[in-house]
**Student:** 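Take this structure, written in structure tokens, and hold onto it; I'll ask about it next.
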Amino acid sequence: MSDYQFADIENKWRTFWAENGTNKVVEDTTKPKYYVLDMFPYPSGAGLHVGHPLGYIASDVYARYKKLLGYNVLHPMGYDSFGLPAEQYAIQTGQHPRLTTENNIKRYRDQLDQMGFSFDWSREVRTSSPEYYKWTQWIFIQLFESWYNRKSQKAEPIATLVAAFEQSGNEGIDAESDFDQIFDAADWNSMTYEEQERVLQDYRLAYIADSWVNWCPALGTVLANDEMVNGVSERGGHPVEQKLMRQWSMRIKAYAERLITGLDQLDWSDAIKDIQRNWIGKSQGAMVKFQIENHTDCIEVFTTRPDTIFGVSFMVLAPEHPLVNQITTSTYQQEVEAYQKKAALKTERDRQADVKNISGQFTGAFAIHPFSGEKIQIWIGDYVLASYGTGAVMAVPCGDQRDWDFAKHFNLAIKNIFQDQDVSEGAYAEKDAILTDSDFLNGLSYQEASKLIIAQLEAQNLGKGKINYRLRDAIFSRQRYWGEPFPVYYQNGIPKMIDEQHLPIILPEVENYLPTADGEPPLGNAQQWAWDTTQNKVVSNQEINGTTIFPLELNTMPGWAGSSWYFLRYMDAQNNQEFASAEKMNYWKNVDLYIGGSEHGTGHLLYARFWTKFLFDRNFIQFDEPFQKMINQGMILGRSSFVYRIKDTQQFVSASMKNQYETLPLHVDISLVDNDKLDMDGFKKWRSDFANATFICEEDGTYLCGHEVEKMSKSKFNVQTPDELVAKFGADTLRMYEMFLGPVEQSKPWDTKGINGVHNFLRKVWRLFYAQDGSWRVTEDAPSKESLKTLHKTIKKTTEDLDRFSLNTCVSNYMICVNELTEQGCHSKSILQDFIVLLSPYAPHICEELWEKLGYEKGTASFQKFPAFNPEYLVESNYDYPVSINGKMRLKVNLPLTMNPKEIEEFILSYPDAQKWIDGQTPKKMIIVPGKIINIVL
RNA sequence: GCGGAUGUGGUGAAAUUGGUAGACACGCUAGACUUAGGAUCUAGUGCCGAGAGGUGUGCGGGUUCGAGUCCCUCCAUCCGCACCA
């Protein structure tokens with residue numbers, strides 16, 4: 001073989017690896033484990049573009065590196081294969097989503113295979129396969145059968161709660177719950193089954209309830225908060241409205257505190273941790289009760305500034321607040337109702353956009369200040385959200401800008417309770433002022449006053465210290481077809497779980513994927529969708545009798561259900577007894593390294609942590625965080641090319657002259673452009689309307705295109721698929737090039753310009769083994785000192801770089817190494833074989849080939865030991881000292897490293913080249929760091 | 001508005017602990033070779049300058065013998081959150 005025949009080599013090894021199970025991994029307690037995971041891909045119809053594999057390459061490089069270090073590495077891949085796009089496609093074409101999904105997966109698999117990834121495909125999972133979603137349904141049942149005990153700070157079986165209710169009611173229970181009444185054992189035991197179940201729903205971690213949901217009419221489904229961006233759906237940008245619907249929810253709020261504190265132990269970027277903290281939105285403060293004048297009810301408010309209670313000059317309730325109608329006096333009834341109507345008409349989006357417009361309405365009612373006894377006006381205003389806190393605020397205009405604005409607008413009092421602060425122009429929101437005009441809080445700081453006032457509130461039963469979270473319970477129902485069916489049927493309207501042993505409940509066939517005529521979700525179209533409790537199977541809807549055969553749930557689960565636990569299934573993907581065996585999960589434990597985009601910060605990453613903590617609480621797993629370390633790869637952007645058409649003509653002008661004409665830039669397919677030079681013939685053939693195009697070219701006769709960095713998309717003709725590049729340069733080149741582009745975490749434009757350089761590098765590697773005439777060059781000669789130095793320098797750098805995920809500089813090291821070895825004429829087997837092992841994580845195909853050629857057993861390159869670094873080879877006797885004058889590097893002197901600073905100083909002061917700079921002056925100071933630098937200060 | 005990240009040649013970038021700014025690669029320039037190729041080799045390539053030299057890491061300050069790196073102020077771009085009481 002005379003030249004580097006990458007296509008043959010890569011084909012050969014792909015086949016070999018697949019046939020010999022090279023990447024299969026089994027549990028092995030004699031080795032330390034390491035779990036490297038890529039974020040679950042959704043197999044879209046468009047296939048992979050070069051941006052997708054970036055993370056997979058990074059994880060594959062790292063997984064192969066860890067394997068060489070002696071770890072037993074779990075590196076699996078699978079598909080998050082339920083989801084909206086397949087269903088939307090089904091609605092349009094009538095094709096079953098299962099078929100399109102399967103086709104897409106095939107395409108993904110082909111593309112992944114050609115990249116040479118070391119995935120253990122025997123562990124592949126698909127969320128849409130019944131073998132998998134059987135266990136998603138099973139976990140749902142466990143959540144349904146659990147409640148959150150705040151005393152033990154963990155989830156417990158619902159049976160323990162029922163037992164407690166039977167014993168002594170709910171008074172001694174501290175649970176995460178929406179149930180706010182007190183009952184005793186007698187009350188509980190006298191309730192009917194339905195009544196008891198309704199109570200329990202308020203405690204279960206998976207529960208059904210009427211909730212205000214984000215309803216997206218265009219998609220025909222509800223959306224979770226994280227599936228919305230700026231009031232419209234994340235997918236498609238459709239409008240979203242608030243709607244009260246009976247929905248399944250997950251009581252993720254129970255875990256709010258643990259989801260925050262758990263972040264401290266994780267090796268994630270600050271950006272992602274902040275996004276999660278922000279989303280959970282913890283705020284510390286107090287609940288305060290305000291008595292309403294001439295009324296038995298109280299208004300409860302949540303405030304983070306209980307210290308400012310003497311600055312309260314009015315109260316504001318959300319227009320939807322349940323007390324509004326009761327307290328409004330007849331004088332104001334009309335105005336209040338009008339305002340409520342107006343507020344209700346506004347969409348969430350309008351309310352957000354309308355921040356500047358202050359609006360509100362006095363109710364005519366007054367509250368009594370709990371300490372001063374003063375009368376305080378009660379207003380309603382839409383700047384107070386019904387869904388946060390208690391839906392009511394105590395307004396302290398001197399300390400809160402929104403309250404201040406409201407007070408100014410309606411001419412309400414602004415009482416100043418901050419010493420030496422001016423609040424005439426705006427509120428003073430800092431927490432560093434000393435209180436004044438605040439009765440027993442006078443002279444105190446925020447810290448001291450808050451503590452004291454909370455103690456007083458609690459002593460007088462007027463309120464209590466309280467921590468509030470912004471995080472909402474997660475809506476778990478979707479009105480879609482292509483998702484996991486719930487293992488739930490309804491008996492007299494009460495949801496009941498189907499027994500575990502009858503799972504999975506298989507997604508039924510339907511005639512069409514749209515909602516039914518009477519607005520039921522698509523599963524309402526199914527003919528066979530009823531549960532027979534005697535036969536324990538799904539039967540025809542015709543048979544529903546209300547005694548033994550009942551209707552099944554028509555909603556399906558959201559996309560995040562399957563992806564919240566998939567990393568566990570990889571540990572034991574074929575298990576049909578359990579979701580994964582305890583033994584295997586105890587071996588693999590949680591993911592050591594998770595690579596994926598940062599766009600899942602508030603969705604998948606939060607839900608997966610929630611489910612992990614839940615499974616941990618219930619003793620199903622032994623760890624309570626799923627992903628120990630995470631790296632968020634940057635997005636690869638497209639580099640679009642443009643041609644410039646002169647207005648109203650078919651004449652195109654080259655980029656450098658485009659300003660001399662009135663032009664319209666047009667996207668041109670990047671496959672027609674090389675190095676900004678346009679293939680003019682190809683362009684004419686590209687689209688019929690360009691067939692008669694003429695060009696105004698550069699002097700050398702080429703047409704230069706302009707360019708811009710944009711997201712990769714079909715419409716911009718800037719999509720680069722890995723397929724073409726693999727065909728042209730090989731997978732090893734593409735793998736190395738994607739890493740070479742820059743730090744994994746950074747977003748960067750895709751540009752194939754540099755790929756030749758990386759390809760040439762691999763050819764140079766080949767040339768170390770084979771001469772141009774095809775003869776084998778490797779010798780048994782003892783390596784030279786220089787070559788050993790080059791090799792060990794590279795081992796050291798490679799280790800350091802891989803350990804800190806500097807995957808781009810690592811490629812540079814290899815290049816420097818090969819450049820040096822080439823220059824040295826090194827063909828020593830002992831050097832080259834170590835180098836091959838070093839390089840193999842990046843370029844596995846060529847390394848396997850050369851490894852075999854070196855005479856080793858076929859296909860064993862990835863089972864080698866990472867070469868040991870020997871510092872002895874790097875020991876130097878001399879060092880090229882940079883000599884700075886006043887901190888500026890001026891010259892270099894080569895001196896033995898044995899010289900001490902005094903000897904160096906003497907030498908340098910008499911050194912002719914240095915004297916030119918010293919110019920007869922006496923140095924004020926000499927800084928001499930042996931082995932580093934000499935600095936002469938004049 | 002709040003929080004986070006990023007600003008270095010024509011381009012992608014490197015500089016790990018404060019110690020030679022621009023490694024490595026692309027591109028470009030000049031040359032060699034040649035069965036004209038998207039090949040290979042040699043030399044050069046931050047900017048200004050003929051040169052000596054000057055200057056240079058978003059702007060402006062500071063600490064230091066020495067700052068891309070540490071501190072302060074400001075600017076730009078990107079991302080997240082946003083009437084959250």
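Side-chain atoms are counted along with the backbone in the values below, which use heavy atoms only and exclude waters and symmetry mates. Here is the naming used below: chain letters follow the sequence lines, and residue numbers restart at 1 for every chain.
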**Student:** Take atom P in B:G10 and the same atom in B:G58, then report the distance between them in whole Å.
**Tutor:** 13 Å

**Student:** Within the 4.0 Å heavy-atom criterion, would you say A:T304 contacts the bases, only the backbone, or no part of the nucleic acid?
**Tutor:** sugar-phosphate

**Student:** A:K748 has an atom NZ; how far is it from atom C1' of B:U77, in whole Å?
**Tutor:** 18 Å

**Student:** With sugar-phosphate meaning primed atoms plus P, OP1 and OP2, does A:K273 contact a base, only sugar-phosphate, or nothing at under 4.0 Å between heavy atoms?
**Tutor:** nothing

**Student:** Using a heavy-atom cut-off of under 4.0 Å over every strand shown, decide if A:K796 touches base, sugar-phosphate, or nothing.
**Tutor:** nothing

**Student:** When the C1' atoms of B:C78 and B:A15 are considered, how many whole Å apart are they?
**Tutor:** 25 Å

**Student:** Which comes earlier along RNA chain B counting from the 5' end, the contact point of A:R804 or that of A:A271, where each point is its nearest nucleotide?
**Tutor:** A:A271

**Student:** For A:T790 and A:Q824, does a side-chain donor sit closer than 3.5 Å to a side-chain acceptor?
**Tutor:** yes

**Student:** Looking for any heavy atom pair under 4.0 Å, which part of the strands does A:N760 touch: base, sugar-phosphate only, or nothing?
**Tutor:** sugar-phosphate

**Student:** Have a look at A:K282 and say if it touches a base, only the backbone sugar-phosphate, or nothing, with a 4.0 Å heavy-atom cut-off.
**Tutor:** nothing

**Student:** A:R402 has a side chain; which of B:C84, B:A14, B:G53 sits nearest to it?
**Tutor:** B:C84

**Student:** For nucleotides B:G46 and B:G9, find the distance between their C1' atoms and express it as a whole number of Å.
**Tutor:** 5 Å

**Student:** What is the distance, to the nearest angstrom, from the CH2 atom on A:W268 to the C1' atom on B:G4?
**Tutor:** 16 Å

**Student:** Is there a donor N/O on one and an acceptor N/O on the other, under 3.5 Å, for the side chain of A:K753 and the base of B:U11?
**Tutor:** no

**Student:** Using Watson-Crick and G-U wobble pairs with both distances under 3.5 Å, what is the 5'-to-3' dot-bracket string of RNA chain B, with [ ] for crossing pairs and | for pairs outside the strand?
**Tutor:** (((((((..(((......[....)))((((((.(..)..))))))(((....)))..(.(((..]....))).))))))))....

**Student:** Out of B:G38, B:C84, B:A14, which has the shortest distance to the side chain of A:R472?
**Tutor:** B:C84

**Student:** Of the candidate nucleotides B:G54, B:A13, B:U20, which contains the atom at the shortest distance from the side chain of A:P882?
**Tutor:** B:U20

**Student:** Would you mind telling me which of B:G38, B:A85, B:G19 lies closest to the side-chain atoms of A:V929?
**Tutor:** B:G19

**Student:** Between B:G56 and B:A5, how far apart are the P atoms? Round to whole Å, please.
**Tutor:** 28 Å

**Student:** Against A:I927, only a single residue in A:N935, A:I934, A:I936 fulfils side-chain contact (heavy atoms from CB on, under 4.5 Å); can you say which?
**Tutor:** A:N935

**Student:** Could you work out the separation of B:A25 and B:U45 based on their P atoms and round it to a whole Å?
**Tutor:** 15 Å

**Student:** Any ion pair linking A:E800 and A:K796 (charged N to carboxylate O, less than 4.0 Å)?
**Tutor:** yes

**Student:** Under 4.0 Å between any heavy atoms, over every strand shown, what does A:D274 touch: base, sugar-phosphate, or nothing? Just pick one.
**Tutor:** sugar-phosphate

**Student:** For the side chain of A:D382, starting at C-beta, report the closest nucleotide among B:A23, B:U20, B:C83.
**Tutor:** B:C83

**Student:** Are OP1 or OP2 of B:A82 and a side-chain N or O of A:R470 less than 4.0 angstrom apart?
**Tutor:** yes

**Student:** Do you see a donor-acceptor pair shorter than 3.5 Å between the side chains of A:E430 and A:Y446?
**Tutor:** no

**Student:** Does A:G281 or A:I275 map to a spot on RNA chain B nearer the 5' end, using the closest nucleotide for each?
**Tutor:** A:I275

**Student:** Can you tell me how the ring of A:Y842 sits relative to the ring of A:Y814, calling it parallel under 30°, perpendicular over 60° and tilted otherwise?
**Tutor:** perpendicular

**Student:** Measuring to OP1 and OP2 of B:A25, would you say a side-chain N or O of A:N819 lies under 4.0 angstrom away?
**Tutor:** yes

**Student:** What distance, rounded to whole Å, do you find between the two C1' atoms, one in B:C24 and one in B:G37?
**Tutor:** 25 Å

**Student:** Please classify the nucleic acid contact of A:Q746 as base, sugar-phosphate, or nothing, using heavy-atom distances under 4.0 Å.
**Tutor:** sugar-phosphate

**Student:** Heavy atoms from C-beta onward define the side chain here; which of B:U16, B:G38, B:C83 lies closest to that of A:K728?
**Tutor:** B:G38

**Student:** Output the distance between atom CH2 (A:W917) and atom CG (A:N886), rounded to the nearest 0.5 Å.
**Tutor:** 10.5 Å

**Student:** Determine whether a donor-acceptor pair (one donor, one acceptor, N or O, separation below 3.5 Å) exists between the side chain of A:N278 and the base of B:C81.
**Tutor:** no

**Student:** Within this structure, what is the CE-to-P distance between A:M635 and B:C78, rounded to whole angstrom?
**Tutor:** 12 Å

**Student:** Contact class for A:D403 vs. all strands (heavy atom < 4.0 Å): base, sugar-phosphate, or nothing?
**Tutor:** nothing

**Student:** Rounding to a whole Å, what distance do you find between A:Q401:CD and B:C84:C1'?
**Tutor:** 16 Å

**Student:** Using a 4.0 Å heavy-atom cut-off, does A:I927 contact any base of the nucleic acid, only the sugar-phosphate backbone, or nothing at all?
**Tutor:** base

**Student:** Rounding to a whole Å, what distance do you find between A:N813:CG and B:A15:C1'?
**Tutor:** 13 Å

**Student:** Taking the side chain of A:R890 as its heavy atoms from C-beta onward, which of B:G54, B:A21, B:A14 lies nearest to it?
**Tutor:** B:G54

**Student:** With no angle test and no hydrogens, is the base of B:U20 tied to the side chain of A:K932 by a donor-acceptor pair under 3.5 Å?
**Tutor:** no

**Student:** In whole Å, what is the span from the NZ atom of A:K466 to the P atom of B:A85?
**Tutor:** 14 Å

**Student:** Assess, by modelled atom type and distance only, whether the side chains of A:D405 and A:Q401 contain a donor and an acceptor separated by less than 3.5 Å.
**Tutor:** yes

**Student:** Give a yes/no answer on whether the side chain of A:T809 brings an N or O atom under 4.0 Å of OP1 or OP2 in B:U16.
**Tutor:** no

**Student:** Taking only the side-chain heavy atoms of A:S812 (C-beta and beyond), determine which of B:C24, B:U20, B:A85 contains the nearest atom.
**Tutor:** B:C24

**Student:** Under 6.0 Å between ring centres: does that hold for A:F410 and A:F314?
**Tutor:** no

**Student:** With a 4.0 Å cut-off on N to O distance, would you call A:E820 and A:K789 a salt bridge?
**Tutor:** no

**Student:** Can you tell me the distance, in whole Å, between the CD atom of A:Q276 and the P atom of B:G4?
**Tutor:** 16 Å

**Student:** Could you tell me whether A:R277 and A:D270 make a salt bridge, using a distance below 4.0 angstrom between a side-chain N and a carboxylate O?
**Tutor:** no

**Student:** Using a heavy-atom cut-off of under 4.0 Å over every strand shown, decide if A:P749 touches base, sugar-phosphate, or nothing.
**Tutor:** nothing

**Student:** Tell me: CZ of A:F729 to C1' of B:G38, nearest whole Å?
**Tutor:** 8 Å

**Student:** Kindly state whether the ring of A:Y737 and the ring of A:H759 have centres lying under 6.0 angstrom apart.
**Tutor:** no

**Student:** The side chain of A:R763 is closest to which nucleotide in this list: B:A39, B:A13, B:C65?
**Tutor:** B:A39

**Student:** Under 4.0 Å, heavy atoms only, any strand: does A:K888 hit a base, just the sugar-phosphate, or nothing?
**Tutor:** base

**Student:** Where the side chain of A:P743 is defined as all heavy atoms beyond and including C-beta, which of B:C84, B:A14, B:C65 is the nearest nucleotide?
**Tutor:** B:A14

**Student:** With heavy atoms under 4.0 Å as the rule, sort A:N468 into base, sugar-phosphate or nothing.
**Tutor:** nothing

**Student:** Roughly how far apart are A:L768 CG and A:F835 CZ, rounded to 0.5 Å?
**Tutor:** 7.5 Å

**Student:** Expressed in whole Å, how much space separates the P atoms belonging to B:U35 and B:G22?
**Tutor:** 41 Å

